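Report on the structure given below.
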Protein chains: 2
Amino acid sequence: MQPLFRRLSYYAKLADHDGESLSKLSVRDHSYAPGEDIIRRGEKTGQVFVIKHGWAVRYITLEDGRTQVLNFMLPGDIFDLQVFLDDTVDHSVAAVTKVTTTVVNADSILSLFAQGSSIAAALWWSTVQEEGILREQIVRNGRRTARERVAHLILELHRRARIVGAAGPDSLELPVSQILIADALGLSFVHVNRVLRSLEKEGLIKKNKGVLTILARSQLIEACGYSEEHLHLDGPPRRLSFMAVAE
Amino acid sequence: MQPLFRRLSYYAKLADHDGESLSKLSVRDHSYAPGEDIIRRGEKTGQVFVIKHGWAVRYITLEDGRTQVLNFMLPGDIFDLQVFLDDTVDHSVAAVTKVTTTVVNADSILSLFAQGSSIAAALWWSTVQEEGILREQIVRNGRRTARERVAHLILELHRRARIVGAAGPDSLELPVSQILIADALGLSFVHVNRVLRSLEKEGLIKKNKGVLTILARSQLIEACGYSEEHLHLDGPPRRLSFMAVAE
DNA sequence: CGAGACGTTGATCTGATTCAAATACAGTGG
DNA sequence: CCACTGTATTTGAATCAGATCAACGTCTCG
């Protein structure tokens with residue numbers, strides 16, 4: 001459960017005993033092979049998944065095979081707190097690399113909420129973040145050029161990976177095919193390739209065996225007007241305001 | 001507070017006394033002129049808004065003026081339940097037509113949750129719906145052609161307006177400029193115009209003084225592979241599962 | 001070492017943008 | 001009621017960003 005604790009504590013300054021509560025939550029772990037679906041559209045899981053290792057994507061496929069990646073999921077990411085509504089999900093989640101998830105049963109999360117743990121606030125925060133990322137995805141794909149989209153996505157992924165300790169200050173293990181990047185950015189993979197090569201030729205980035213290095217961060221930021229507002233990095237309150245009400 | 005009740009009861013079969021609880025919630029109403037901002041990026045509102053009359057949009061503007069509409073908001077729509085985190089919002093909301101909102105203070109909503117009212121479940125449901133709409137927006141703009149995007153958006157807006165009683169079986173008052181549609185679909189307004197005119201020329205739709213009529217629904221659906229899964233129309237459970245836990 | 005998946009590059013094509021100009025329309029003030 | 005103004009719609013022509021098609025290189029791994 002380390003990655004979750006790490007991620008949540010980035011925001012919420014959790015105490016040690018919170019770490020204990022978290023580890024008690026774990027119901028069981030599960031592993032998935034690259035390309036395997038973790039959740040399939042139309043299912044009702046009744047469970048909450050936390051990514052422990054590896055990368056995953058949320059995606060939707062149209063009838064004719066066109067597919068759109070909604071967002072990338074890194075260690076520490078959670079899906080889905082909407083489980084409390086007993087709803088069927090409208091999208092799928094697939095493992096990109098080998099993925100290990102911790103499966104938490106919904107009730108254990110709920111008891112955290114009931115107890116007023118600061119973990120609950122952190123969890124809720126994580127859903128706010130995710131929505132922010134989704135909205136940014138809409139803007140990026142709707143109103144930015146291919147070059148901007150690629151640069152922006154690189155910066156976002158690096159930042160997110162960095163938070164969970166999966167990236168160096170300017171480098172990032174990016175186990176993601178150009179096809180997947182294309183499906184995330186609404187581009188053809190051929191064009192993604194050209195943009196990447198051109199960013200590389202200009203010395204903004206470098207890619208070597210799955211490790212991407214940001215060589216000129218400021219130029220990369222300038223190339224896309226990157227800002228981090230949408231990641232909501234300021235962190236959640238210690239407790240959800242409805243907990244105060246409950247007292 | 002009618003539109004909210006109408007919308008929530010579409011899903012949740014609310015009882016009469018729920019209607020009363022709802023009307024007691026209203027703190028005060030507020031009106032906005034077309035084009036006026038209701039919420040501005042960066043603010044902390046501490047309040048929940050419900051649209052009573054009129055249309056609004058959630059949007060984000062880039063530094064250079066490009067703007068992206070995230071989604072349209074109709075009577076009965078709510079923003080934002082994330083207020084409980086005391087977060088700053090990462091986007092703005094603007095009135096499209098003259099808009100009346102009911103402003104509810106966050107605490108009143110929270111007490112509904114605490115009471116275990118089925119209204120709470122319906123509210124939560126509405127956020128699940130909204131996320132579904134956001135995801136669909138990503139797919140639409142990322143992997144569909146201009147023609148598909150336009151057809152798809154028309155069908156979605158008609159359906160949503162219908163649910164809150166703001167549309168006939170095949171007609172829809174659409175007080176939205178082509179510029180705004182373009183900003184929602186990530187297209188130029190010139191192209192939106194061409195697509196609309198072509199759909200009209202082919203007899204799929206008709207537009208007359210702000211009223212759009214769907215003349216050939218089945219062809220329109222076929223033109224974009226429209227499905228309504230993302231609207232989560234099946235409705236919420238009567239109560240949120242964490243209420244059961246609280247007992 | 002052979003197969004399949006991914007990456008790279010060139011040539012060509014096209015859906016959508018941009019630029020430009022004309023028309024319709026709604027609201028305002030005289 | 002009409003002229004005036006600004007905003008939205010419509011249409012054409014030129015252009016371009018990105019897609020498609022096609023071929024080849026490269027890596028991985030069984």
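Note that the coordinates shown come from a computational prediction; the quantities given were computed from them, not determined experimentally.
Residue B/G186 is classed as a sugar-phosphate contact, given heavy-atom separations below 4.0 Å to backbone atoms only.
Rounded to whole Å, the distance from NZ on A/K209 to P on D/dC27 is 9 Å. One interatomic measurement links the two molecules: CZ of B/R144 to C1' of C/dG15, which rounds to 17 Å at whole-angstrom precision. Between the CG atom of A/L187 and the P atom of D/dT20 there is a distance of 11 Å, rounded to whole Å. Between B/K98 atom NZ and C/dA26 atom P there is a gap of 20 Å when expressed in whole angstrom units. Per the geometry, CZ belonging to B/R143 stands 15 Å off C1' belonging to C/dG15, to the nearest Å. Rounded to whole angstrom, the span from the CZ atom of A/R66 across to the C1' atom of C/dG15 amounts to 13 Å. Look at CG on A/N141: it is 12 Å from P on D/dG18, rounded to the nearest Å. Taking atom CZ on B/R149 and atom C1' on C/dG15, their separation rounds to 10 Å, with Å as the unit.
A pairwise comparison of heavy atoms in B/K98 and B/P34 identifies N-CG, 3.7 Å as the closest pair. Considering all non-hydrogen atoms of both residues, A/K207 and A/L174 come closest at NZ-O, 4.0 Å.
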For this session: Could you encode protein contacts along nucleotides 5-13 of chain D as a string, one character per nucleotide from 5' to 3', using B for base contact, S for sugar-phosphate-only contact and - for no contact, with a heavy-atom cut-off of under 4.0 Å?
Result: ---SBBBBB
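Inter-residue side-chain proximity for B/Q68 and B/Q137 is flagged as met; some heavy-atom pair is nearer than 4.5 Å. Annotation: side chain of B/I39 is not in contact with side chain of B/D37 (no heavy-atom distance under 4.5 Å). Between B/E148 and B/H152, the closest side-chain pair of non-hydrogen atoms is not below 4.5 Å. Looking only at side-chain heavy atoms (C-beta outward), A/D80 and A/V48 stay at 4.5 Å or farther from each other.
Ring geometry, B/Y32 versus B/H30: the interplanar angle falls from 30° to 60°, so the pair is classed tilted. Using bins of under 30°, 30° to 60° and over 60° for the plane-to-plane angle, the ring pair B/F79/B/F49 lands in the parallel bin.
Of the residues in residues 30-38 of chain B, none has a non-hydrogen atom less than 4.0 angstrom from any atom of DNA chain D.
Of the candidates A/R58, A/R160, A/R135, A/E130 forms a salt bridge (Lys or Arg N to Asp or Glu O under 4.0 Å) with just one, namely A/R58.
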